[in-house]
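These numbers come from a predicted model, not from an experiment.
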Amino acid sequence: MATSRDKSATEAEEPKVHDLAGGWITERVGTPIPLFLKLAYVGFSLFGLVYLFRFSLGEVGHATRGALVRQFNQLSQQPPTAWIVMLAAILGLFVVGLLAFAFLAREEE
């Protein structure tokens, strides 16, 4: 039979659990975010930037739809430079903010 002294000792050892999404997601308070997860978010965002510039005029070298993309580019006669630069600037700011949040943010108390 557990005494009140034993109960208080086990309650002090149990970490607080933070519920998110109505209890669907739970985490222990103070658990750090793993480095691989931080790098994964940043890596996916950087991949988006590279993909944006690499295929800014479409995937012209694709085996099946490359001819259609080249035909569309020829008909439009204007590269989407301003649009791509604006999207890249927004995505770049997002990546910088994500880096700052992931690596400089303090843990919740």
Side-chain angles (χ1 to χ4, degrees):
M1 183 167 141
T3 65
S4 63
R5 185 176 183 186
D6 293 336
K7 285 183 181 178
S8 64
T10 57
E11 288 175 1
E13 293 174 9
E14 290 182 21
K16 294 182 181 178
V17 176
H18 182 69
D19 287 337
L20 301 168
W24 283 85
I25 302 170
T26 57
E27 67 176 358
R28 290 188 185 121
V29 174
T31 303
I33 300 170
L35 180 63
F36 79 91
L37 189 57
K38 292 178 182 181
L39 293 175
Y41 282 125
V42 173
F44 287 133
S45 300
L46 290 174
F47 172 77
L49 273 173
V50 170
Y51 187 86
L52 186 67
F53 282 111
R54 175 118 165 76
F55 296 110
S56 62
L57 291 177
E59 202 171 357
V60 293
H62 193 272
T64 57
R65 64 179 171 261
L68 295 173
V69 172
R70 283 191 298 274
Q71 212 171 29
F72 176 77
N73 289 342
Q74 192 176 32
L75 288 174
S76 64
Q77 296 178 359
Q78 184 178 3
T81 306
W83 175 246
I84 295 296
V85 169
M86 184 185 75
L87 285 176
I90 292 170
L91 187 57
L93 288 173
F94 174 76
V95 170
V96 168
L98 186 63
L99 276 169
F101 179 75
F103 293 104
L104 301 178
R106 301 280 181 220
E107 294 294 325
E108 290 182 14
E109 293 185 22

Quick check on the hydrophobic clustering: are [X] and [Y] connected, directly or via other members, by side-chain heavy-atom contacts under 4.5 Å?
X	Y	value
L99	L35	yes
F44	Y51	no
L46	L39	yes

If you count heavy atoms of other groups shown closer than 6.0 angstrom to CZ of F94, is the number above 12?
no
Closest heavy-atom pair and its distance - [X], [Y]:
X	Y	value
V42	L98	N-CD2, 3.9 Å
R65	H62	N-ND1, 3.3 Å
S45	V95	CB-CG2, 3.2 Å

Please tell me if the side chains of V69 and Q71 come closer than 4.5 Å, counting only heavy atoms from C-beta onward.
no
Would you give the length of the straight line joining atom CZ of F101 to atom NZ of K38, rounded to the nearest 0.5 angstrom?
9.0 Å
To the nearest 0.5 angstrom, please state how far the CD1 atom of I84 sits from the CG atom of L52.
4.5 Å
